[in-house]
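Labels below follow one simple rule: chain letters A, B, ... track the order of the sequence lines, proteins then strands, and each chain is numbered from 1. Please read all numbers here as calculations on a predicted model, not as lab measurements. Computation of the quantities below employed the complete heavy-atom set of this structure, encompassing side-chain atoms and omitting hydrogens, waters and symmetry-equivalent molecules.
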Amino acid sequence: MVKFENVTKLYENGTLALSGVNLKINKGDFAFFIGPSGSGKSTLIKLILREEETTEGDVIVNGFNVSTMRRKDIPHLRRSIGVVFQDFRLLPGKTVYENVAFAMQIVEAMPKEIRRRVPMILGLVGLSKKASAYPNQLSGGEQQRVALARALVNNPALLVADEPTGNLDPETSWGIIKLLNDINQMGTTIIVATHEKSIVDAMKKRVIALSKGEIIRDQEKGLYENEDKNHEIHN
Amino acid sequence: MVKFENVTKLYENGTLALSGVNLKINKGDFAFFIGPSGSGKSTLIKLILREEETTEGDVIVNGFNVSTMRRKDIPHLRRSIGVVFQDFRLLPGKTVYENVAFAMQIVEAMPKEIRRRVPMILGLVGLSKKASAYPNQLSGGEQQRVALARALVNNPALLVADEPTGNLDPETSWGIIKLLNDINQMGTTIIVATHEKSIVDAMKKRVIALSKGEIIRDQEKGLYENEDKNHEIHN
Amino acid sequence: MKIRTTKYIIKDGIINAYRNKLMSLASIIIVTASLLVFGIFLLISVNIKYKIDDVMQKQLQIEVYCDSKLDETQVDSLEVQIQKNQYVSDVRKVTKEEALERCKKLLEENGKILEGYDQSFLPESFIIKIKDPEHIKSVVEDFKKLQGVDDVGFLEDNVVELSSISYWTRIISILILIILLSVSIFIISNTIKLTVFARRREINIMKYIGATDLFIRLPFIVEGIIIGFIGAVISFVITYYFYTTIEGQVSKGIVGENFNFIDINSIVLYVIGSYFIIGTMVGGIGSGISIRKYLHV
Amino acid sequence: MKIRTTKYIIKDGIINAYRNKLMSLASIIIVTASLLVFGIFLLISVNIKYKIDDVMQKQLQIEVYCDSKLDETQVDSLEVQIQKNQYVSDVRKVTKEEALERCKKLLEENGKILEGYDQSFLPESFIIKIKDPEHIKSVVEDFKKLQGVDDVGFLEDNVVELSSISYWTRIISILILIILLSVSIFIISNTIKLTVFARRREINIMKYIGATDLFIRLPFIVEGIIIGFIGAVISFVITYYFYTTIEGQVSKGIVGENFNFIDINSIVLYVIGSYFIIGTMVGGIGSGISIRKYLHV
Ligand SMILES: Nc1ncnc2c1ncn2[C@@H]1O[C@H](COP(=O)(O)OP(=O)(O)OP(=O)(O)O)[C@@H](O)[C@H]1O
Ligand SMILES: Nc1ncnc2c1ncn2[C@@H]1O[C@H](COP(=O)(O)OP(=O)(O)OP(=O)(O)O)[C@@H](O)[C@H]1O
Ligand SMILES: [Mg+2]
Ligand SMILES: [Mg+2]
């Protein structure tokens, strides 16, 4: 589903964010990207979405070779992925309802379908009451859940979430993670970049640990901290 | 230092964010605001900064009666407080260095002093290398640390941090919290709104727990979850 | 693109124009202002041309002197020939009697010296009004060649001078109209650029979550058209109101001069047409183009 | 506010104008365009006035006919009196001989009928050029009252007509200049409003971290002044270049007409002055005002 082949990313200002990354995430996987601040987790995600282009190497997502694809195919790539951005990226001029509906409008869903599905998803993330609020009228955690609702609403085959619980209390976080787990059970591939040790440790899913732009650990059923040196590299 | 007297906050769209809040934080305190997403933590902070006005009740901060102060005194109030906003609020057109320096320029600090202090603070939060980057060239955690650096640079008597570690890995988070603790030891009053159970539990500081806009617990040396019903209300 | 999407897009454009009231207002003011400048000059130049032509018309008389030996039928046939000329709008015959009277007048009180003279030595002539100042010279040349014509003279010396004013007025008018048109287009399109710039982040976000370029662009185009359209309506109303008011005042003779404005109804279509074409086209196209650079993410 | 802060503020304004290149560029284009419209019209109206006055000057001749019984000293004293009038720019005496010649000419080939007559029955007259078209009527009235004057006539019938054109041209020019001035100010200030709007969040943030209104506002004012200033410079260069080019072409006679433009150097100060005043003042003040509503946080 997602494959990184010897990927290097050097930002324009000279920051080497990733170097020599090889990675394969299969359909149905649930993987955590972990690592210290600035280690390259978000950059990995940006490459998957072609928000940034690789400096070297190839990224293959849902059959698209992201590095060489044509500009006009980018929307198709992105629509096949549900994304929770670290900075949310809600449309400030649209209400919560409209923000989520927008994701369905761009895939030209039926209005009837939109009216059915958006309230359902908002209920799932606990925001039914905030449907008509604008993003700047929401608390941090509420905005984060709107972003999650938008990522989920089209039932994407791949869900990528960058720090989806950074602004949530432990209880709400657990609700969200369980939701992701359920979706994963139904076949959706899930990638989560996170700092929450407790969640990673409890879930016992695949853990891909980054440090200074390199993968230092890729471990099935891993923990946040490495307790088992034997698993160091797996691919 | 900070006093809430029977404060109610009803947002324009009809959301009751706080009701009947009484609270007193003394000089030199270290207090955590905790509570589920949307419980009113950020609203409390916004009232301290007069980013929002109370609907009822008074807020007194550093001797200012925030509810009745004149508009032209607001900058003085805000300058006396160092703030880490939940959404960072970095100036997009300024580099990391300039963002931090800006906080000193508005208090008309000596250029020499600025040149001395800004790099020092950036070093403290581990961002010396990013001094000339723009905010959109930073990772989430890096932006958060710039926001912290800016809040610290003027040595404020009161430091208010809304979710200052939400985008930081546990190790960096601990570094930051230790930094705050050191500053607190030197006499700065510190208020932190947070979701990080592990930090709250480890610090054993005063915990003010909110739920649906009301204070449900105010406990010295508290934990994230309430294990001791006897401490329920303290004032 | 499906019909439901088209519907959504139009609705979205309208909603956005409304929700960004402040920005829309500023842009509408700019559009209105620049259209007004264009429109005011359009009206002024049409009126100046009209006025100058009017003045010229009154002056654009030439006099064709017949050979004094012509008999009446010859003179009549000459008159017919003159009237056939396409640029001639009016012909008045000056009889020998009138010519004598004129002579007397010219001599003022000393006209009496002519008394007793027979008028027959004076030629008959035609005072001719010319339709179009531009053609006066060629008309004069033509008439000089007619048989039985002794000489052709301008009634006024300043005809050449005046026709140069008319010519230059026209050239300058057109030049200015072109400049103003470009300026309006420039201003409006750059205004739209600024409104798009103010929402660059929004456009980026749409792109990041998978919207196609067209899907993002169309509501902005609709919004641009709306802004241009409203600007056009307002500037038209202002133009119409002021023009008819001024026209009314003038025709009531308040300014005390016999100065006629062109009736607005005879030019209303030009004004409306140019306003709406400039406003909506530039608004829409400008929007569509300005947005492009923010789509490349 | 301390000196170091002032220094910082000016530096910050310049840096911001530079970093927001795209936005600054769009606003500079708008400022330039609207100044150009104003400037072009300023130049045109000055030139039209000049041209019309020029034409009128040539036509604004009146003729004062002396009483034919006056002797030479009386005629001379009349000439002196006429020359004293402040609106008279030139006086030419028409002697009795010339008068006779004119008469003969008027009678064309039949002039011979006057041969043998003594010119003494013809009056002497003065052909007088008037400085200012506006005053022609009062001058005529004055001269009619002079002793020894038999009659005063216009050399041309259309003087009244022409002086009405001159009058209206002036009124309309001033009106349009006022309108254009307002329009430029409107457009520029709304443009500045849009640029401020695009950065409302930035302004909010500064306020949230404790900057005073003045501290936030000043760099924006500096930025507005810079934009206005650059717009003024560009529009001045364009105006100057085109004006002198066109003037050059015309004076080389390429257009084949004797059409003189006013030398730009004699009006350059007006143009520069208005451009810089409008550009920088509106840019600066507009910025300062537009920012206000975002400071209320
Ligand atoms: N647009 C950019 N231009 C230049 N450098 C960038 C850019 N975006 C990120 N970087 C740098 O690349 C490195 C990796 O950033 P990235 O956002 O991938 O980190 P991260 O692992 O997501 O960190 P965090 O946990 O703090 O979000 C960082 O050093 C960051 O400063
Ligand atoms: N500007 C606003 N207008 C209307 N409602 C608002 C506004 N800001 C916040 N709210 C509402 O007020 C309530 C409290 O919000 P607040 O931001 O204080 O929560 P919080 O405790 O900080 O939550 P989080 O942990 O998610 O940041 C929420 O329900 C939120 O939707
Ligand atoms: Mg990140
Ligand atoms: Mg909050």
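- Counting heavy-atom pairs closer than 4.5 Å to chain A, the top residue among B:S173, B:P36, B:A133 is B:P36.
- Neither the backbone nor the side chain of B:K41 comes within less than 4.5 Å of any heavy atom in chain A.
- Taking CD of A:E171 as the start and CD of B:E225 as the end, the distance is 8.0 Å to the nearest 0.5 Å.
- Applying a 4.5 Å heavy-atom cutoff, none of the residues of residues 198-205 of chain B approach chain A.
- Counted by atom type alone, B:Q86 and A:N167 present one or more donor-acceptor pairs between their side chains at under 3.5 Å.
- For a residue to count as touching a neighbouring chain, one of its non-hydrogen atoms must lie under 4.5 Å from one of that chain's; by this rule B:F88 does not touch chain A.
- Residues from residues 5-18 of chain B that place a non-hydrogen atom less than 4.5 Å from a non-hydrogen atom of chain A comprise B:N13, B:T15, given in numerical order.
- In this structure, the side chain of A:D169 engages the main chain of B:S37 through a donor-acceptor pair within 3.5 Å.
- The NE2 atom of B:H195 sits 10.0 Å away from the OG1 atom of A:T165 when rounded to the nearest 0.5 Å.
- The choice from B:T43, B:D87, B:I34, B:L168 that makes the most heavy-atom pairs within less than 4.5 Å of chain A is B:L168.
- The candidate from B:S42, B:G38, B:G126, B:G35 with the greatest count of non-hydrogen atom pairs under 4.5 Å with chain A is B:G38.
- There is no contact between A:Y134 and chain B, counting heavy-atom distances below 4.5 Å.
- Close approach to chain B, defined as a heavy atom under 4.5 Å from one of its heavy atoms, is seen in A:Q137, A:S139, A:G140, A:G141, A:E142 of residues 135-142 of chain A, taken by number.
- Under the rule for a salt bridge (Lys or Arg N to Asp or Glu O under 4.0 Å), the partners of A:D29 that lie at least two apart in sequence or sit in another chain are A:R206.
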